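Heads up: the structure comes next, in structure tokens.
Note that the coordinates shown come from a computational prediction; the quantities given were computed from them, not determined experimentally. We're numbering straight along the sequence, starting at 1. Computed from heavy atoms alone, side chains included, the values below leave out hydrogens, waters and symmetry copies.
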Amino acid sequence: MDNSVEKKLALTHFWVAFGAFGLAAVMGLYQVIERSGFFSFLESREVYYASVSTHGVLMGFVLTTFFIMGFGYYVATSTLKLPVWNKTFAWTGFGVALAGVVMAALPLLFGQASVLFTFYPPLKAHPLFYIGATLLVVGSWFWCVSMIVMYMQWKKANPGVPVPLAMFATTGNAILWLWTSVGVAAEVLFQLIPWALGWIDTIDAGLARTLFAWTLHPIVYFWLIPTYTAFYCLVPKQAGGFLFSDEMARAAFILLVVFSLPIGFHHLYMDPEQGHGWKLLHAVGTFVVTLPTFITGFTVIASLEIAGRLRGGKGLFGWIAALPWNNPMVLALILGLLMLIFGGFGGLINASYAMNAMVHNTAWISGHFHLIFGGTTIIMYFGIAYYFWPVLSGKPLYCPSLAIAQLWSWFIGMIIMTTPWHILGLLGQPRRIDSVHYNNLLTLSWEPYEVTMIFGGLILLGSAGLLIYILYKTQTSQESYKGEVEYAEPIHAVKELPGYLNSFGLWNAIIAVFMLIAFGYPILQFFLMETFGSGRWGV
């Protein structure tokens, strides 16, 4: 199958993703420096919040959405051995999403959309920002449809045959995104856009936060599933071994899709608009979703051990040293797992109904988020890029040893930056503020940590620049490369699977029930309560 068009489609998505990443990395360093309060000439509340909002949107929405779409298109074609369904449809989705990014970027860069990437009201942005964000989501829906159609086409042509694991995970991610984007889509279409255009005078901020909570935590797993796909489907092969268990991997992906959705209220523990019982229900669900993470940790480490022992590793831990640490994909996984362990511990504190009060709206949250997203998720995006770029561009990876140095520098910089953030959170430093004036003993005690964070930010910016340089040099190389992505085989071949491990029909029904229970009345109450000035959609 000639898949040159599919490669171009994936590579174009990747370039948009990493272009957004590079710009966001520059803004990230500026924010760390400005917040420190050490350089008064840089202090500008308007510039800071414009930068923070743009940084969050570029990292959380643009980098991730375009990377996931590009990754998904190539996974689909390479595992199913099918061309992309309706290439015009796929390119149209790309165009719609890119137009949305450009439209949203204009007010962001001019300081007219400084509402952070969560855009919680009563903060109000220019209408172009909300319309652009909506177009980005709509463009991603084109991708979701493409993935589901290709999945269904393959299943129809191969009845009873297990769907390739990487495509099973990618389809699950598309289904997850369709479910979770409903919340933010409803908020933007029925509240924020009419409000920003002046069609309505006010909106119910509590309803808006509830709808965004529908999206806010599941989107983390939308970002994470490509990382887990690489954990299960790419790294074992690159390490020289096999996947420990295909069935356990499928179970983990199903659990991620099902239980990541009805848990958004753990972001609203301190908010008054939802009752304690609903928050406790979502808290229980949040702890359930740790189960697929534990399954992943066990299965992936077992797969690495198989590879290490096949490579001659002896003794209890000798297999670790025997792994190919000079392989970017393998190194990215090892460093990503280390950050996942520490970040996951912090996540358990955030999810705890009582303990969350200690760290709520402090710098701890920023540290946790950057360690999980900027650490585990993004470093695996780097590993995937280093593996996919030669395949997609037809050029060999430029200086693999430089790629290894880039991964180590990202890991070191992220640890240096996020550790002080966690400590500052425990010392009471708030987040979402543009600067802290060091004029008392408490804030003066924060200074060493701020200096450390600036140092970590400098390392991260250098690492980000190195990534872009490596990808650019690879793309412009005069040499040629021929090869395709290779997927890991399970140590025990899977010839047949029960329907619940090979399709999503049952799980979609279960999700519908869970979402109705978790969000039904909490949303309906806003239409039932009689409050001053209340009305349809909180108007």
Any side-chain heavy-atom pair of Met414 and Leu335 under 4.5 Å: no
Tyr73-His13 aromatic ring centre distance below 6.0 Å: yes
Donor-acceptor pair, side chain of Ser409 and main chain of Gln406, under 3.5 angstrom: yes
Parallel, tilted or perpendicular: ring planes of Phe411 versus Trp408, cut at 30 and 60 degrees: perpendicular
Contact check, side chains of Glu305 and Phe244, non-hydrogen atoms, under 4.5 Å: no
Within 6.0 Å of OH in Tyr49, more than 12 heavy atoms from elsewhere: yes
Donor on one side chain, acceptor on other, Tyr387 and Glu486, under 3.5 Å: no
Backbone N/O of Tyr500 and side chain of Trp507: donor-acceptor pair under 3.5 Å: yes
For Tyr398, the option from Tyr481, Tyr469, Tyr472 that meets ring pair (Phe, Tyr, Trp, His ring centres under 6.0 Å): Tyr469
Note, Met355 side chain near His360 side chain (heavy atom, < 4.5 Å): no
Full working for side chain to side chain contact (heavy atoms under 4.5 Å, CB included) between Thr229 and Leu234: CA-CA 7 Å; Thr229 304; Leu234 299 176; over 6 Å; no
Ring centers of Tyr381, Phe18 separated by less than 6.0 Å: no
Pair Tyr232 + Phe253: ring centers closer than 6.0 Å: yes
Side-chain donor/acceptor of Thr419 to backbone N/O of Ile416, under 3.5 Å: no
Option passing side chain to side chain contact (heavy atoms under 4.5 Å, CB included) with Pro218 (candidates Leu256, Leu261, Val289): Leu261
Donor on one side chain, acceptor on other, Gln475 and Ser393, under 3.5 Å: no
Rounded distance [0.5 Å steps], CG in Leu165 versus CZ in Phe168: 8.0 Å
Within 6.0 Å of NZ in Lys395, more than 12 heavy atoms from elsewhere: yes
Over 12 non-hydrogen atoms of neighbours within 6.0 angstrom of CZ in Phe142: yes
Main-chain N/O of Ser366 paired to Arg431 side chain as donor or acceptor, under 3.5 Å: no
Ring centers of Phe21, Phe382 separated by less than 6.0 Å: yes
Near-ring test Trp177/Trp223, centroid separation under 6.0 angstrom: no
CZ (Phe342) with more than 12 external heavy atoms under 6.0 Å: no
CD on Glu187 to CH2 on Trp214, rounded to 0.5 Å: 12.5 Å
Validation row, ring centre Tyr221 to ring centre Tyr228 under 6.0 Å: no
Atom pair CG (Leu310) and CD1 (Ile491), whose distance is rounded to the nearest 0.5 Å: 7.0 Å
Within the 6.0 Å centroid threshold, strictly below: Phe61 and Phe117: yes
Interatomic spacing from OG1 in Thr77 to OH in Tyr74 - rounded to 0.5 Å: 5.5 Å
Audit row: Val300, Val235, side chain to side chain contact (heavy atoms under 4.5 Å, CB included) steps and yes/no: CA-CA 9 Å; Val300 171; Val235 175; 5.9 Å; no
Flag, side chain of Thr286 to backbone of Ala351, donor-acceptor distance under 3.5 Å: no
Leu460 CG to Met453 CE distance, which is reported to the nearest 0.5 Å: 10.5 Å
Donor-acceptor pair, side chain of Ser352 and main chain of Leu348, under 3.5 angstrom: yes
Ring centres under 6.0 angstrom apart (Phe345, Trp364): no
Within-4.5 Å side-chain heavy-atom neighbours: Ile349 and Asn356: no
Asp246 and Glu489, any side-chain heavy atoms less than 4.5 Å apart: no
Expected output: side-chain Trp325 to main-chain Ile320 donor-acceptor under 3.5 Å: yes
From CA spacing to verdict: side chain to side chain contact (heavy atoms under 4.5 Å, CB included), Ile415, Leu371: CA-CA 8 Å; Ile415 295 298; Leu371 193 55; 4.1 Å; yes
Validation row: Leu340, Ile372 side chains within 4.5 angstrom (heavy atoms): yes
Check: Trp446 and Pro420 side chains under 4.5 Å, non-hydrogen atoms: no
Check: Tyr48 ring centroid to His55 ring centroid under 6.0 Å: no
Under 3.5 Å: donor-acceptor pair, side chain of Glu6, backbone of Val84: yes
Short side-chain to backbone donor-acceptor contact, His217 and Ala213, under 3.5 Å: no
Any side-chain heavy-atom pair of Ile384 and Phe67 under 4.5 Å: yes
Crowding at CZ, Phe317 (>12 non-hydrogen neighbours, <6.0 Å): no
Side chain Lys279, main chain Tyr269, donor-acceptor under 3.5 Å: yes
Worked verdict on Phe119 versus Ser114 for side chain to side chain contact (heavy atoms under 4.5 Å, CB included): CA-CA 8 Å; Phe119 43 88; Ser114 298; over 6 Å; no
Pairwise distance NE2(His370) to CE(Met59) - rounded to 0.5 angstrom: 7.5 Å
